[in-house]
Amino acid sequence: MDKREFTKHLKEYWGLDEFKIVGKGAGAVSFENGEKEILLSYSKFPGKFILSPGLLGFVSFPEVEEILEKYYTRHSVGYNLKTIYTTSRRVEDFELQTIATLEDIEKATPNYREMLELDIFPFFDTYTSLEKIASKIDSLSLNKLSDFIFSPLHLRIMTIKRLVRDKDWESYANETMRIYKEQATGKYKASFEPFYRFLPDLFEELKNMEV
């Protein structure tokens, strides 16, 4: 089967009727429904596809991403308009991950449906507002934030905190600017400097906006 047939059958067998198929180039396909996205990676070999052992789920909040996007564009910083994400459980079974026929898809479906029903769909159903995201942010340790907020996470958190009127947003924003200013000329300049270029402007916009 070709990629079109492959993705069409996955959508059918996995019960993703409400999602549309969006190609992501070689090695990945997305199933999208509004601001929700399920991403499957795979490897293509002659006559067969090897599925990744897990799935990714993303949710975009336009009220966050529309603020950030103009800065990314203006300063030529690469970006994705994804606000939060999760990873599913993984099933390492090479035989079940190998897809050559419809029968193979049928055999793999229970494992991937479990990922959807126990990990991806509950994530979509839980985080339906910025208030819920802000509450989750406050509950996470620093080293767990990157497993929930899509990079660059500090800028997104800074924006989310302002939009939900978090009383600590300005102290968080000031600390973020301090760290980025320091790192923009240090060892990790390549990672921090592109964002620090517009961080003061973002701060001023957030500070002056009516929420």
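Residue numbers run from 1 in the order of the sequence given.
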Worksheet item: Does Lys189 have any side-chain hydrogen bond (donor to acceptor under 3.5 Å, both in side chains) partners at least two apart in sequence or in another chain, and if so, which?
Response: none
Worksheet item: Honestly curious: do Leu16 and Phe124 fall in one hydrophobic cluster under the side-chain, below-4.5 Å linking rule?
Response: yes
Worksheet item: Any side-chain heavy atom of Glu35 within less than 4.5 Å of one from Phe61?
Response: no
Item to complete: Keeping the roles fixed (side chain from Arg89, backbone from Met115), state whether a donor-acceptor pair exists under 3.5 Å.
Response: no
Discussion item. Is it the case that the side chain of Ser139 and the backbone of Lys136 share a donor-acceptor pair, with hydrogens and angles ignored and the cut-off at 3.5 Å?
Written reply: yes
Discussion item. Can you pull out every side-chain hydrogen bond (donor to acceptor under 3.5 Å, both in side chains) where at least one residue sits in residues 190-207? Sequence neighbours excluded, please.
Written reply: Lys70-Glu205, Tyr71-Glu205, Glu193-Arg197
Discussion item. Considering only residues two or more places apart or on different chains, which pairs with a residue in residues 15-34 satisfy ring-ring contact (aromatic ring centres under 6.0 Å, His included)?
Written reply: none
Fill in: Exercise: identify the closest heavy-atom pair between Ala100 and Gly47
CB-O, 3.5 Å
Worksheet item: Is there side-chain contact between Asp147 and Thr87, with heavy atoms separated by less than 4.5 Å?
Response: no
Worksheet item: By side chain to side chain contact (heavy atoms under 4.5 Å, CB included), which residues pair with Arg165, not counting sequence neighbours?
Response: Val211
Worksheet, complete the sentence: Here the pair of heavy atoms bringing Leu163 nearest to Glu63 is CD1-O, 3.7 Å
Worksheet item: Which heavy atom of Thr86 sits nearest a heavy atom of Asp119, and at what distance?
Response: CG2-O, 4.4 Å
With a cut-off of 3.5 Å and sequence neighbours excluded, list every side-chain donor-acceptor pair involving residues 149-157.
unit_1 : atom_1 : unit_2 : atom_2 : d
His154 : ND1    : Tyr180 : OH     : 3.1
Arg156 : NE     : Glu65  : OE1    : 3.4
Arg156 : NE     : Glu65  : OE2    : 2.9
Arg156 : NE     : Lys82  : O      : 2.9
Arg156 : NH1    : Phe150 : O      : 3.1
Arg156 : NH1    : Ser151 : O      : 2.7
Arg156 : NH2    : Glu65  : OE1    : 2.8
Arg156 : NH2    : Asn80  : O      : 2.7
Arg156 : NH2    : Lys82  : O      : 3.2

Response to the item:
residues 91-100 vs salt bridge (Lys or Arg N to Asp or Glu O under 4.0 Å), sequence neighbours excluded, gives Arg90-Glu92
Worksheet item: Between Asp104 and Thr98, is any pair of side-chain heavy atoms under 4.5 Å apart?
Response: no
Worksheet item: What is the ring orientation for Tyr13 with His9, classed by angle as parallel under 30°, tilted 30 to 60°, or perpendicular over 60°?
Response: perpendicular
Worksheet entry | Leu39 and Leu55, any side-chain heavy atoms less than 4.5 Å apart | no
Worksheet, complete the sentence: Residues at least two apart in sequence or cross-chain that pass side chain to side chain contact (heavy atoms under 4.5 Å, CB included) with Glu18, listed by chain then number, are Asn33
Worksheet, complete the sentence: The side chain to side chain contact (heavy atoms under 4.5 Å, CB included) partners of Asp166 (sequence neighbours excluded) come to Asp138, Lys161, Val164, Asp168, Trp169
Response to the item:
Residues passing the salt bridge (Lys or Arg N to Asp or Glu O under 4.0 Å) test with Glu175, sequence neighbours excluded, are Arg178
Worksheet item: Any side-chain heavy atom of Val59 sitting closer than 4.5 Å to one from Thr83?
Response: no
Discussion item. Out of the candidates Lys181, Gln183, Glu182, only one should pair with Phe192 under the side chain to side chain contact (heavy atoms under 4.5 Å, CB included) rule; please name it.
Written reply: Gln183
Worksheet item: Under a 4.5 Å side-chain heavy-atom rule over Ile, Leu, Val, Met, Phe, Trp and Tyr, are Leu56 and Ile50 clustered together?
Response: no
Fill in: All ring-ring contact (aromatic ring centres under 6.0 Å, His included) counterparts of Tyr127, not counting sequence neighbours
Phe123, Phe148
Worksheet item: Under a 4.5 Å cut-off applied to non-hydrogen side-chain atoms, are Gln97 and Asn111 in contact?
Response: no
Worksheet item: Does a side-chain heavy-atom distance below 4.5 Å link Phe195 with Leu202?
Response: no
Practice prompt. Provide the full list of side-chain hydrogen bond (donor to acceptor under 3.5 Å, both in side chains) pairs with a residue in residues 38-47, sequence neighbours left out, each pair given once.
Written response: Lys3-Tyr42
Item to complete: State, yes or no, whether a side-chain contact exists between Val29 and Lys24 at a heavy-atom distance under 4.5 Å.
Response: no
Item to complete: Please round to the nearest 0.5 Å and tell me the distance separating atom CG of Leu40 and atom OG of Ser52.
Response: 4.5 Å
Worksheet item: So, Glu69 side chain and Glu66 main chain: donor-acceptor pair closer than 3.5 Å or not?
Response: no
Worksheet entry | Main-chain N/O of Ile105 paired with Thr109 side-chain donor or acceptor, under 3.5 Å | yes
Worksheet item: Which atoms form the tightest heavy-atom contact between Leu116 and Pro122, and what is the distance?
Response: O-CD, 3.7 Å
Fill in: Partner residues of Tyr79 under the ring-ring contact (aromatic ring centres under 6.0 Å, His included) criterion, sequence neighbours left out
Tyr72
